[in-house]
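Residue numbers run from 1 in the order of the sequence given. What you see below is based on every heavy atom in this structure, not just the backbone, and it leaves out hydrogens, waters and symmetry mates.
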Amino acid sequence: MINYPDILHNIQLEINKVSERGQVARYIPELSKIDPHKFGMHIIDANRNEFSVGDSEEAFSIQSISKVLSLSQAIGLIGEELWTRVDVEPSGDPFNHLSLLEQENGIPRNPLINAGAIVVADILVSKLKNPKEDFLTYIQDISGDKSINFDPEVATSEKETGFRNYAAANLLKSYGNLHNDVDTVLDFYFHQCSLALNCKQLTKLFFVFMNRGKCLQNNTYLTTSQVKRINALMLTCGFYDEAGEFAFEVGLPGKSGVGGGIVALLPNNYCVATWSPGLNKKGNSKLGMLALEMLTTATKQSIF
């Protein structure tokens, strides 16, 4: 029996000793206001036992973690057709680079970089009657938590500074890989990224990917094949040009966001979320990655 409370306590003690905590994201004004000393961590296991330390119930902007959720909803709606518009290869580039998009004729390298997530947003705008409301309901239903919502100030902040996303969307449009109006798609995308959750809520939401497509309420949202594909993409593409490092150090499928959150999972075993706003040079939470490396080392639980 793994003693998760003691392991989490020891991780927090080690994290508290670290003086260099990374830099909070400053290119989105609302995110630059976050206290870099925050740290939270929460685990839910396959038997629905929960363990936490630190600021695990303080909400933060999940940002790119939301890309896994929009991808999940899109796959549920159109299935394999999705892969005609976005590829499944690691990019090796930062999340907002556009050079590959032009080289590869408007087909994003994967759905977890910005350009790929914008294509997924375009699919949802096409398929959903009320895209923002329907996506939010999807998130609330999977997690069983009606309190989850968008942060309108973060969404506005992103819209006002999202010049690269506008460039990506227009480039996609020029190749015929964006079917709706650029402003409409990006309005959805900016709201998607502005979702505010805490570590505890994130683990309950991502329980569905740990539990073969079934959420905490035992409702099935995805087939086992679809879950396998999403988890594979998280492992190979979830940390952009640091995906190999995360697999090497942590050994779990996961996804990061520039709000400082990371969620990761070991299929059929547990789901874990960390939050520490300071980012490393690749845009991933510096202390979050360290905490998860300590977790899989202490528990000897990873996919490898």
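Under the 6.0 Å cut-off for aromatic ring centres, Phe206 and Phe209 qualify, their centroids lying closer than that.
No more than 12 heavy-atom neighbours from other residues, nucleotides or ligands sit within 6.0 angstrom of NE2 on His9. Sparse packing is recorded around CD of Glu153, with 12 or fewer heavy atoms of other residues, nucleotides or ligands lying under 6.0 Å away. Heavy atoms of other residues, nucleotides or ligands lying less than 6.0 angstrom from CD of Glu102 number 12 at most. The environment of Lys173 atom NZ is dense: over 12 non-hydrogen atoms of other residues, nucleotides or ligands sit within 6.0 angstrom.
Under the side chain to side chain contact (heavy atoms under 4.5 Å, CB included) criterion, His37 pairs with Arg21, Asp35, sequence neighbours left out. For Tyr270, the ring-ring contact (aromatic ring centres under 6.0 Å, His included) criterion is met by no residue, not counting sequence neighbours. In this structure, the ring-ring contact (aromatic ring centres under 6.0 Å, His included) partners of His191, at least two apart in sequence or on a different chain, are Phe150.
Pairs engaging residues 45-69 under the ring pair (Phe, Tyr, Trp, His ring centres under 6.0 Å) rule: Tyr4-Phe51, Phe60-Trp275 [sequence neighbours left out].
Side-chain N or O atoms of Asn110 include one that pairs as donor or acceptor with a backbone N or O of Ile113 at under 3.5 Å. Side chain of Asn177 to main chain of Arg85: a donor-acceptor pair is present (N/O by atom type, distance under 3.5 Å, no hydrogens or angles). Side-chain atoms of Asn170 come within 3.5 Å of backbone N or O of Tyr166 as a donor-acceptor pair.
Looking at Thr297 and Glu293, their side chains do bring a donor and an acceptor atom within 3.5 Å of each other. No donor-acceptor contact under 3.5 angstrom links the side chains of Glu57 and Gln201, judged on distance only.
Linking Ile, Leu, Val, Met, Phe, Trp and Tyr residues whenever their side-chain heavy atoms come within less than 4.5 Å leaves Leu197 and Ile43 in two separate clusters.
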Run the side-chain donor-acceptor check on residues 243-265: report pairs under 3.5 Å with partners two or more places apart or on a different chain.
from, atom 1, to, atom 2, distance (Å)
Lys255, NZ, Gly238, O, 3.0
Lys255, NZ, Tyr240, OH, 2.9
Ser256, OG, Asn284, OD1, 2.6

Please tabulate, one pair per line, all N/O donor-acceptor pairs under 3.5 Å involving side-chain atoms of residues 136-143, not counting sequence neighbours.
from, atom 1, to, atom 2, distance (Å)
Thr137, OG1, Glu133, O, 2.9
Tyr138, OH, Ser72, OG, 2.5
Tyr138, OH, Gln73, N, 3.4
Gln140, NE2, Lys146, O, 3.1
Gln140, NE2, Ile148, O, 2.9
Asp141, OD1, Lys146, NZ, 2.8
Ser143, OG, Ile139, O, 2.9
Ser143, OG, Gln140, O, 3.3
Ser143, OG, Asp145, N, 3.3

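Between Leu266 and Ile303, some side-chain heavy-atom pair lies under the 4.5 Å cut-off.
Between Lys286 and Glu20 there is no salt bridge, since no side-chain nitrogen of the basic residue lies less than 4.0 Å from a carboxylate oxygen of the acidic one.
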